[in-house]
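Before any comments, here is the structure.
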Amino acid sequence: VEPGITFLDVACGAGAYTLALADHIGPAGRLFALDLWAEGIELLAAEVQTRKIGTIEAHVADVSQHMPLESDTVDLCLMATVLHDLIEDQTDQGTLQEMARVMKPGGKLAVIEFKKMDGPPGPPMAIRLAPRETEACLLPHAFEALATHDIGSYNYLSTFRYTIDR
């Protein structure tokens, strides 16, 4: 995360990650937070107004259909504990196509998922994704695997680079 980047939080919920990154990207950066959950977007928008953060744009959006961003604009995208749900709902392909559209060539993607083990917390074991399954889902959309990190007892973080050079 560097000052001045354009960041996208896909299926952001109430925007905890977006809010945490606002100070790190500075006033020249832009943060987009998208979710289908209108109440979460309303909570985020209220917090943005309270904190007077001018760099965050929060939108109710079906990310599998259309992301309200221009093509080739995102430097860093985050999908936190949502890819398994998109696959379960069969909306992953549309979402990944839209992500590929809005990513800048060389842009980075960070995917946080639950480890493939019995919970709680997290979803049922049957829909959890191992890191190789996450990678297999993203590779057809021109995302090259960079690294996978253990980030606690329940989650891992896989990072990718968007490889299309338009």
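Index from 1, following the sequence. If you're wondering where the values come from, they're calculated on a predicted model, not measured in any experiment.
Heavy atoms of other residues, nucleotides or ligands lying less than 6.0 angstrom from CD of Glu144 number more than 12. A 6.0 Å sphere centred on CG of Asp62 holds more than 12 heavy atoms belonging to other residues, nucleotides or ligands.
Within the 4.5 Å cutoff, side-chain heavy atoms of Glu133 are placed close to those of Lys116. Looking at Ser64 and Leu86, their side chains never come closer than 4.5 Å, going by heavy atoms from C-beta outward. Looking at heavy atoms from C-beta onward, Cys137 lies in side-chain contact with Ile87 at the 4.5 angstrom threshold. Put simply, the side chain of Tyr17 does not reach to within 4.5 Å of the side chain of Leu31, judged on heavy atoms. In this structure, Val74 and Met67 have side chains that are not in contact, with every pair of non-hydrogen atoms separated by 4.5 Å or more.
In this structure, OG1 in Thr91 is found 8.5 Å from CG in Asp85, a value given to the nearest 0.5 Å. Here OG1 of Thr95 is found 8.5 Å from CD of Gln65. Values are rounded to the nearest 0.5 Å. Between Thr159 atom OG1 and His149 atom NE2 the span is 5.0 Å, to the nearest 0.5 Å. One finds the CG atom of Leu8 at 8.0 Å from the CE atom of Met103 (value rounded to the nearest 0.5 Å). Here the straight-line distance linking atom OH of Tyr156 with atom CD1 of Ile151 works out to 10.0 Å at 0.5 Å rounding. Rounded to the nearest 0.5 Å, atoms CD (Glu88) and CD (Gln90) are 8.5 Å apart.
Taking the six-membered ring for Trp and thresholds of 30 and 60 degrees, Phe143 and Phe160 have ring planes more than 60 degrees apart, a perpendicular arrangement.
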Evaluate Ile25 against Leu76 for side chain to side chain contact (heavy atoms under 4.5 Å, CB included), listing each step before the verdict. CA-CA 11 Å; Ile25 68 154; Leu76 176 61; over 6 Å; no
Criterion side chain to side chain contact (heavy atoms under 4.5 Å, CB included) on Lys115 and Asp150, from CA distance to verdict: CA-CA 9 Å; Lys115 293 178 182 176; Asp150 184 29; 2.4 Å; yes
Assess whether side chain to side chain contact (heavy atoms under 4.5 Å, CB included) is satisfied between Leu43 and Glu47, documenting all intermediate values. CA-CA 6 Å; Leu43 290 169; Glu47 190 63 25; over 6 Å; no
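Checked by atom type and distance alone, the side chain of Asp35 never pairs as donor or acceptor with a backbone atom of Ile41 at under 3.5 Å. In this structure a side-chain-to-backbone donor-acceptor pair under 3.5 Å is present from Glu113 to His84. In terms of modelled atom types and a separation under 3.5 Å, the side chain of Thr163 and the main chain of Ala142 share a donor-acceptor contact.
Pairing each heavy atom of His141 with each of Ala100, the nearest pair is O-CB, 4.1 Å. Shortest non-hydrogen contact noted between Met117 and Tyr154 is CE-CD2, 3.6 Å. Across all non-hydrogen atoms, the minimal contact from Met79 to Leu96 is SD-CD2, 4.5 Å. Between Phe114 and Pro123, the shortest heavy-atom contact is CD1-CD, 3.3 Å. Shown here for Gly29 and Thr55, the closest heavy-atom pair between the two residues is O-CG2, 3.3 Å. Among all heavy-atom pairs drawn from Pro121 and Arg128, the shortest one is O-NH2, 2.6 Å.
A continuous path of ILVMFWY side-chain contacts below 4.5 Å connects Leu19 to Phe7, so both sit in one hydrophobic cluster. Ile5 and Val102 fall into different hydrophobic clusters, where Ile, Leu, Val, Met, Phe, Trp and Tyr side chains are chained together by heavy-atom contacts under 4.5 Å. Leu157 and Leu138 fall into different hydrophobic clusters, where Ile, Leu, Val, Met, Phe, Trp and Tyr are joined by side-chain heavy atoms under 4.5 Å apart, directly or via other members. Residues Leu78 and Val1 share a single hydrophobic cluster, defined by chaining ILVMFWY side chains whose heavy atoms lie under 4.5 Å apart. The hydrophobic clustering, which links ILVMFWY residues whose side-chain heavy atoms are closer than 4.5 Å, places Ile112 and Val10 apart.
Lys104 pairs with exactly one of Asp72, Thr73, Thr6, Asp75 by the side chain to side chain donor-acceptor pair (under 3.5 Å) rule, that one being Asp75.
Under a 4.0 Å N-O distance rule, the pair Glu98/Arg101 qualifies as a salt bridge.
In the model, Ser158 has a side-chain atom that pairs as donor or acceptor with a side-chain atom of Thr148 under 3.5 Å.
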